[in-house]
Undergrad: 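Supplied in structure tokens, the structure appears directly below.
In what follows, every chain begins at residue 1, and chains take the letters A, B, ... in the order their sequences are listed.
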2 protein chains.
Amino acid sequence: MKRKSVTSRDVAKLAGVSQSAVSRTFSPNAKVSERTRKKVMDASRELGYRPNTIARSLITRSSRTIAVVTYSLQNPFYSSMLEQASRFFQQQGYHLLLFFAPSSGDFDAVLDDIIRSQVEGVLMLALTMNEQQAHLVADFGIPMVIINRTVNDSGISQVSSDNFQGGYWAGRYLTSLGHRRIAYLAGLPDSSTEKQRRSGFLEGLASMQASCHAVDVGNYRYEDACQATRRLFADSHPPDALFAANDLMAIAAMEILRHEYCMKIPEDVSIIGFDDVPMASWPSHSLTTLQQPVDTMVMRATELLLEQIAQPGTPPEHITLPVTPILRNSTRRQSDPRR
Amino acid sequence: MKRKSVTSRDVAKLAGVSQSAVSRTFSPNAKVSERTRKKVMDASRELGYRPNTIARSLITRSSRTIAVVTYSLQNPFYSSMLEQASRFFQQQGYHLLLFFAPSSGDFDAVLDDIIRSQVEGVLMLALTMNEQQAHLVADFGIPMVIINRTVNDSGISQVSSDNFQGGYWAGRYLTSLGHRRIAYLAGLPDSSTEKQRRSGFLEGLASMQASCHAVDVGNYRYEDACQATRRLFADSHPPDALFAANDLMAIAAMEILRHEYCMKIPEDVSIIGFDDVPMASWPSHSLTTLQQPVDTMVMRATELLLEQIAQPGTPPEHITLPVTPILRNSTRRQSDPRR
DNA sequence: ATGAAAGCGCTAACAC
DNA sequence: GTGTTAGCGCTTTCAT
């Protein structure tokens, strides 16, 4: 059954036309007579011919391929972004090359690989990188947009939500509920989202004459967040409120507090997350959180990328979308407002 | 900043060597003198040269690209498989082309697209397709392995776990706990996993002289499973046990039962899931389930694919891996064993 | 509208 | 070891 690479030449021979006629038949805006087209199609069907995308790419110098590089799919927030972006590009007739940033090791090698692969654009999904790395790709004239991370002052397009504002709100809100020992569960230390959410949070607290009671790091991951929570609450003066830099960690904290520390949420401790992943709205968690506009973020990012591909001169944009506090049942006013 | 396509020719000219010397320098098993290599590397660096993967693919007729096609990433079970498989292939020096099966519409068009893209292999991730579709790709001599789905009697490699056995165990176990009104929460009706888990379940029940009390469909999705659960338990004789065809639906059911029907789990109803996603072990859910050996499945599938790529003659394999019951706290012996 | 011819950027014989 | 040569399968002028 295995047909081995039928070429347009083979089809041409069988159809009794020139090879370029075959090419034209398979080109979107061809100028081929119905008669020729039919002959070609018949022959193609008979031989099981499929145009070779690689050869086409080589000559047209357009691969119609986009690289998406991401860090992990553990967090439903990322996998959902990936799925949405992928479906969008696929719908637009693009192929999608998927890369994972190696957990340990050579990210530059991946970037190099991407450049060699002749993609027309790169979507960086929640990827932390330095300016040099960011420029490496851009300097090759490959349009790139970073989503859910920012890189300082570079000429690179980025779409993210207002992490600072989200943190700020969390800080003020928890304070306003009367909490006095408010802790912070941090994400990946080097990531821009972490830095922004944290500084927003601290400033939010400060704006209410409050300060942060304790900090520990959960690296945006469930398991790490469990450990961090245990450390935070093993103290003789445990927190009475917690802001976690993402929902996954917030939920991890709830699990630990409820089932290992026999604490009630929100009675004993208020918790706020960040993202608003679907899970956050499940009754068991009912997590108060800061909703990121995923759909909009993906849409803006993908459109931006496509635009830059279509018009290479397009200046980079930095888009910051607002976050929305979603009030659920993981937070409540402190019963003993002793302050 | 934008350098526009520096070719090996440009490098050759600058380095004062032949174009093939440049090619050799960038080929893994080159035969180039150190002197030439250095000249080439220097020139390359100066011009920012990167070999064009597309041109290389065209002439070597190997794209070193694998297509992974999947249905959705909503379920963490799939996204985790995707991540593992991707990382593996990436590590092996392959590129990964990601395709999503359109929810409504032309799957054949996607298959066609895959064939045109000259991938060296295809990994079908939890994809339901008919035999004709399965053969379409295979007939082009493109190795393919299906993971977590089976296609009847085809000459196509597939790796899955023993869904029937899992269902069978669930049926017998729930019966052995003394439950008398055991319901089934079904997955995607046409999927092989659904059929196998269901028939295993029914036979398991039958082997204990029991039968299924009610069935509803959750399509393997959270939201749909919520609806189905509401329907199942709105009855005047609601189930006292539930087997859900995957964890996501099992958890959905728990959420609805606990928070909308004020039922206790496992006191009022026992629940069993399927997959053992990370979430299933979280204390809030503590779901009894059938663990699929994800790591092994992915490893076997990826190795199988690579093997078939390396040795085109390799006969297809059908690998079925055992599932493992994981006993947690969503099931318990019926307190009133009236039978 | 159609065919002939010239490459796209690279690898792989093949001589030297 | 190095250069020369001939393509990989296709698109795209350019004549006709």
Side-chain angles (χ1 to χ4, degrees), chain A residues 3-41 43-44 47-65 95 113 115-120 140-141, chain B residues 3-41 43-44 47-65 95 113 115-120 140-141:
Chain A
R3 310 176 177 90
K4 44 184 313 227
S5 58
V6 177
T7 74
S8 57
R9 227 195 187 74
D10 301 327
V11 175
K13 203 171 299 170
L14 180 62
V17 297
S18 78
Q19 183 266 349
S20 43
V22 177
S23 171
R24 287 190 181 100
T25 305
F26 285 93
S27 293
N29 21 14
K31 286 165 70 69
V32 201
S33 70
E34 266 318 309
R35 247 188 91 246
T36 320
R37 152 166 267 115
K38 184 177 180 342
K39 283 196 289 188
V40 170
M41 290 313 278
S44 299
L47 297 176
Y49 170 72
R50 296 285 190 289
N52 182 326
T53 303
I54 292 185
R56 171 182 299 197
S57 296
L58 182 58
I59 192 159
T60 61
R61 281 174 177 111
S62 84
S63 60
R64 286 203 76 82
T65 298
H95 281 174
D113 200 6
I115 294 168
R116 293 182 186 215
S117 65
Q118 311 296 119
V119 297
E120 297 184 17
F140 268 84
Chain B
R3 309 176 178 87
K4 44 185 311 231
S5 59
V6 177
T7 74
S8 57
R9 225 194 188 76
D10 301 328
V11 175
K13 202 170 299 170
L14 180 63
V17 297
S18 78
Q19 181 266 351
S20 47
V22 178
S23 170
R24 287 191 181 100
T25 306
F26 285 93
S27 292
N29 21 14
K31 287 163 71 69
V32 201
S33 70
E34 265 318 309
R35 247 189 90 247
T36 318
R37 150 166 269 114
K38 185 177 179 341
K39 284 195 289 187
V40 170
M41 290 312 278
S44 299
L47 298 177
Y49 170 71
R50 296 287 190 287
N52 182 325
T53 303
I54 292 185
R56 172 183 297 196
S57 296
L58 182 60
I59 192 160
T60 61
R61 282 173 179 113
S62 82
S63 60
R64 286 203 77 82
T65 299
H95 281 173
D113 201 6
I115 294 168
R116 294 182 186 214
S117 66
Q118 311 295 117
V119 296
E120 297 186 18
F140 268 84

Undergrad: How close do B:Val119 and B:Ser63 get, counting heavy atoms only, and between which atoms?
TA: CA-OG, 3.7 Å
Undergrad: Compare the minimum distances between each of C:dT11, C:dG3, D:dG3 and the side chain of B:Ser20, then state the nucleotide with the smallest one.
TA: D:dG3
Undergrad: Picking from C:dA12, D:dG9, C:dG9, which would you name as closest to the side chain of A:Thr7?
TA: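 Between C:dA12, D:dG9, C:dG9, the one nearest the side chain of A:Thr7 would be D:dG9.
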Undergrad: To the nearest Å, how far apart are A:Lys39 NZ and C:dT2 P?
TA: 8 Å
Undergrad: Output the rounded distance in Å from CD1 (A:Ile54) to P (C:dC8).
TA: 19 Å
Undergrad: Would you compute the distance between atom CG of B:Asn52 and atom OG of B:Ser8 and round it to the nearest 0.5 angstrom?
TA: 9.5 Å
Undergrad: Looking at A:Ser18, does any N or O in its side chain come under 4.0 Å of the phosphate oxygens OP1/OP2 on C:dA4?
TA: no
Undergrad: The side chain of B:Ser33 lies closest to which of these nucleotides: D:dC10, D:dT2, D:dG9?
TA: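 The listed nucleotide nearest to B:Ser33's side chain is D:dT2.
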Undergrad: Please check this pair: side chain of A:Thr53 against backbone of B:Arg116, looking for a donor-acceptor N/O pair closer than 3.5 Å.
TA: yes
Undergrad: Could you pick out which residue, B:Arg35 or B:Leu58, lies toward the 5' side of DNA chain D when each is mapped onto its nearest nucleotide?
TA: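 It is B:Arg35, whose closest nucleotide lies nearer the 5' terminus.
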Undergrad: Quick one: is D:dC8 close enough that its OP1 or OP2 comes under 4.0 Å of any side-chain N or O from A:Arg9?
TA: no
Undergrad: State which of C:dC10, D:dT2, C:dC8 makes the closest approach to the side chain of B:Val32.
TA: D:dT2
Undergrad: Between atom NE2 of A:His95 and atom CZ of A:Arg64, what is the distance when rounded to the nearest 0.5 Å?
TA: 9.5 Å
Undergrad: Rounded off to whole Å, could you give me the NZ-to-P distance for the A:Lys13 and D:dC10 pair?
TA: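 Going from NZ in A:Lys13 over to P in D:dC10 covers 13 Å.
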Undergrad: Using atom CZ of A:Arg64 as one end and atom C1' of D:dT11 as the other, report the distance to the nearest whole Å.
TA: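 Roughly 16 Å, once rounded to whole Å.
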Undergrad: For DNA chain C, which residues in residues 22-29 of chain B have a heavy atom at a distance below 4.0 Å?
TA: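 Those residues are B:Ser23, B:Arg24.
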Undergrad: Between C1' on D:dT11 and CD1 on A:Ile59, what's the gap in Å once rounded to a whole number?
TA: 4 Å
Undergrad: Write down the distance between CZ (A:Arg56) and P (D:dC8), rounded to a whole number of angstrom.
TA: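 Atom CZ in A:Arg56 sits about 19 Å away from atom P in D:dC8.
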Undergrad: Is the side chain of B:Ser18 donor-acceptor paired with the backbone N or O of B:Ala21 at a distance under 3.5 Å, no angle test?
TA: yes
Undergrad: Can you give me the closest heavy-atom contact between B:Thr25 and B:Val32, atom names plus distance?
TA: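 Distance-wise, the nearest heavy atoms are N-CG2, 3.9 Å.
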Undergrad: Please report the distance, rounded to the nearest Å, between CD in A:Gln19 and C1' in C:dA6.
TA: 12 Å
Undergrad: Any side-chain N or O of A:Arg50 under 4.0 Å from OP1/OP2 of D:dG9?
TA: no
Undergrad: Can you name the one residue among A:Thr7, A:Val17, A:Leu14 that meets side-chain contact (heavy atoms from CB on, under 4.5 Å) with A:Val22?
TA: A:Val17
Undergrad: Can you check the B:Lys31 NZ to D:dG3 C1' distance for me, whole Å?
TA: 15 Å
Undergrad: From the options C:dC10, D:dG3, C:dA1, select the nucleotide whose nearest atom is closest to the side chain of A:Thr36.
TA: C:dA1
